[in-house]
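Notes to accompany the following structure.
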Amino acid sequence: MTTPQHCPGFENFKNLKSFTCKCPKCGEPKEIFSDEFEKVHKCSKCGEEIDFTSCTYEAG
């Protein structure tokens, strides 16, 4: 993994894609952006960890 020479994601903000995934436990939808895949995400409703690698891509 390389370290960016500037603010991470600086040039990518204009090209971000939005992804929505439903919590495997309670079904609550959670949205993340394409630069957040490597982070751990938890459901805002029940706290279950959500695996975004199994999510669907939402255009727009």
Side-chain angles (χ1 to χ4, degrees):
M1 188 167 180
T2 60
T3 305
Q5 297 301 313
H6 55 73
C7 179
F10 174 75
E11 277 296 315
N12 296 330
F13 283 125
K14 61 185 178 219
N15 296 318
L16 287 181
K17 296 191 185 334
S18 169
F19 293 80
T20 302
C21 204
K22 287 188 179 174
C23 172
K25 190 172 184 181
C26 74
E28 180 78 6
K30 168 103 174 160
E31 181 183 40
I32 65 158
F33 293 96
S34 55
D35 66 337
E36 299 178 317
F37 273 131
E38 302 303 317
K39 298 177 185 173
V40 173
H41 297 276
K42 294 195 180 200
C43 176
S44 54
K45 190 173 185 180
C46 75
E48 182 77 7
E49 203 169 294
I50 300 173
D51 176 15
F52 273 94
T53 60
S54 63
C55 290
T56 56
Y57 165 65
E58 300 285 332

By side-chain hydrogen bond (donor to acceptor under 3.5 Å, both in side chains) - contacts of E31 (at least two apart)
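With sequence neighbours excluded, E31 shows a side-chain hydrogen bond (donor to acceptor under 3.5 Å, both in side chains) to S18, given in chain and number order.
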Considering non-hydrogen atoms only, spot the tightest contact between F19 and F33 and give its length.
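F19 and F33 have their closest heavy atoms at CD1-C, 4.5 Å.
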I50 and P24: which non-hydrogen atoms are nearest, and at how many Å?
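Smallest heavy-atom distance, with atoms named: CG1-CD, 4.2 Å.
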Applying salt bridge (Lys or Arg N to Asp or Glu O under 4.0 Å), can you list everything that pairs with K45, at least two apart in sequence or on another chain?
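Counting only residues at least two positions away or on another chain, K45 forms a salt bridge (Lys or Arg N to Asp or Glu O under 4.0 Å) with E28.
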Which residues satisfy the side chain to side chain contact (heavy atoms under 4.5 Å, CB included) test with E49, sequence neighbours excluded?
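Residues passing side chain to side chain contact (heavy atoms under 4.5 Å, CB included) with E49: V40, K42.
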